[in-house]
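When reading the values below, keep in mind they use all heavy atoms of this one structure, side chains included, and skip hydrogens, waters and symmetry mates. By convention here, the first residue in the shown sequence is residue 1. The model shown is predicted, which means the values in this text are computed figures rather than measured ones.
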Amino acid sequence: MNYHQSREYIEDSQKYGSVLGLDNMRVLMERLGNPQDKLKVIHVAGTNGKGSVIAYLYTVLSEAGYRVGRYVSPTLYAYRERMEISGEVISREEFAAYLTEAAQVIEKMTEEGLPHPTPFEIETAVAFLFFANKKCDVILLEVGMGGNLDATNIVKNPLLSILTSISMDHMAFLGNTLEEIAATKAGIIKPKCSMITTHQKKEAECAIRHICEIRGVSYMETDPDHAVVVKESVEGQRFLYRGEEYVISLGGVYQKENAVLAIRALELLEKLGIPTTREQRIQGLMNTRWNGRFTVLSKKPLFVVDGAHNPAAAEQMADSIRRYFKGKKIYYIMGVFQDKDYRTVIKKTYLYAEKILTIETPDNPRALSAQKLAEAAKEFHSDVQAMGSLEEAVDTAFSFAGEDDVILAFGSLSFIGKISEIVKKREDTRGNA
């Protein structure tokens with residue numbers, strides 16, 4: 001298969017549905033030679049903050065000279081960004097070659113009556129083949145959803161398991177209580193492996209501690225409240241933590257917590273045979289970029305995008321709004337998936353909006369229509385308008401916002417990349433006028 005055919009193969013695989021559990025993934029990986037067993041893996045699960053923590057670790061370790069693989073989803077600009085090594089995404093030719101290898105095994109599996117793997121299972125298999133063949137020093141592996149039954153959890157002995165902030169999300173799949181969801185996500189913790197988590201709510205902490213006790217793993221928790229912010233703005237912050245000064249260039253008040261988790265994880269990794277110097281950690285955190293997480297796209301008016309798609313992320317975004325935009329008029333562009341708790345997201349954020357423009361996230365079957373989202377938003381806010389496209393939403397927001405105002409586009413990460421391109425094109429046109 002060529003690259004185009006391999007992408008079609010992935011898309012076509014959606015029609016087969018999914019079978020709960022890791023048995024099918026185990027068969028697939030075993031027949032591919034279990035490449036995941038050859039890798040040193042840092043496994044990251046949680047509700048919010050996974051991508052940011054991975055971004056910090058990826059930058060520090062890469063700049064320290066390690067050959068670092070990163071597997072994340074979703075991506076903002078290009079599909080192949082899911083799999084990259086030290087700044088270089090997997091090539092079209094490599095993706096097609098590894099996908100063809102996996103497809104040959106899958107064909108034999110289905111002939112034997114075994115279920116067809118899901119798109120995410122296939123992508124994960126391709127990533128493991130890619131990283132193993134490229135002989136990476138360490139892999140940063142993001143859980144797709146949940147933990148214990150996620151395709152990435154085929155890894156037997158991770159070097160380190162990291163749990164970011166856990167909150168209510170994907171309840172239809174993960175559980176109806178915070179304790180149940182935390183236990184599911186803590187499924188990435190394996191016997192005799194190291195783990196670290198950020199400070200969690202009590203119910204989540206109890207569930208994680210219980211898993212650690214069962215598996216004989218020492219529970220380690222960070223202390224983000226001990227990090228003291230010295231200076232902050234929408235474009236980053238400077239803070240003191242355990243006698244050191246750190247600067248991060250990622251916006252959002254919640255980034256301090258993610259940065260502290262990354263710092264403590266790097267300290268653990270030093271004990272596990274992957275050392276970094278103090279200077280490398282400080283410089284790496286400062287150089288980290290992770291688009292789509294309270295990211296400034298343009299100024300006058302300020303245009304910010306954020307992937308706040310669940311209640312906990314919405315609450316964090318509201319904190320950032322109160323901190324950075326006090327007294328300013330804010331115009332929302334909002335798009336979400338229909339399976340998300342979007343009413344709670346609206347409830348936690350509507351107070352700060354001058355006007356809410358709703359959009360339908362393009363090219364996604366899970367997208368909630370702009371009209372339905374507008375109807376939900378009108379339950380809370382008097383000035384809501386459904387937009388026919390992202391371009392219309394951007395143009396309308398700019399027509400309302402003055403130079404000192406703020407446009408905030410948020411919700412599903414699936415439209416952040418597209419809207420970023422629209423704003424950049426607009427800025428380039430304005431700059432050349």
Participant: Distance from L272 atom CG to L159 atom CG, nearest 0.5 Å?
Facilitator: 5.0 Å

Participant: Please determine which of E244, E270, E63 meets the salt bridge (Lys or Arg N to Asp or Glu O under 4.0 Å) test together with R281.
Facilitator: E270

Participant: Does NZ or CZ of R7 come closer than 6.0 Å to the centre of the six-membered ring of Y79, within 45° of the ring's axis?
Facilitator: yes

Participant: I need the minimum non-hydrogen distance between A397 and I333, along with the two atoms involved.
Facilitator: CB-CD1, 3.9 Å

Participant: Scan side-chain atoms only and decide if N34 and Q36 contain a donor-acceptor pair under the 3.5 Å cut-off.
Facilitator: yes

Participant: Looking only at non-hydrogen atoms, find the nearest pair between S412 and T361 and report the distance.
Facilitator: CB-CG2, 4.0 Å

Participant: In terms of side-chain heavy atoms, does T197 have a donor or acceptor partner in Q200 at a distance below 3.5 Å?
Facilitator: yes

Participant: Identify each donor-acceptor pair in which a side-chain atom of residues 114-121 lies under 3.5 Å from a protein atom, sequence neighbours left out, and give them as a table.
Facilitator:
residue	atom	partner	partner atom	Å
T118	OG1	E121	N	3.1
T118	OG1	E121	OE1	3.4
E121	OE1	T118	N	2.8

Participant: Both conditions, 6.0 Å and 45 degrees, for the charged tip of R80 above the ring of Y3: are they met here?
Facilitator: yes

Participant: If I compare all heavy atoms of K50 with all of T47, which pair ends up nearest, and what's the gap?
Facilitator: NZ-O, 3.6 Å

Participant: Should the pair Y241 and Y246 be assigned to parallel (<30°), tilted (30 to 60°) or perpendicular (>60°) ring geometry?
Facilitator: tilted

Participant: Between T222 and H199, do the side chains contain a donor N or O and an acceptor N or O under 3.5 Å apart?
Facilitator: no

Participant: Any salt bridge linking E94 with K134? Criterion: basic side-chain nitrogen under 4.0 Å from a carboxylate oxygen.
Facilitator: yes

Participant: Could R264 and E267 be called an ion pair, given the rule that one side-chain N must be under 4.0 Å from one carboxylate O?
Facilitator: yes

Participant: To the closest 0.5 Å, what do you measure between OH (Y219) and CD (E205)?
Facilitator: 4.0 Å

Participant: Calculate, to the nearest 0.5 Å, the distance between atoms OG and CD belonging to S91 and E84 respectively.
Facilitator: 13.0 Å

Participant: Looking at I188 and N153, what are the two nearest heavy atoms and their distance?
Facilitator: CA-OD1, 3.5 Å

Participant: Once you round to the nearest 0.5 Å, how far does CZ of F95 lie from CD1 of I90?
Facilitator: 6.5 Å

Participant: To the nearest 0.5 Å, how far apart are CG in N291 and OG1 in T75?
Facilitator: 12.0 Å

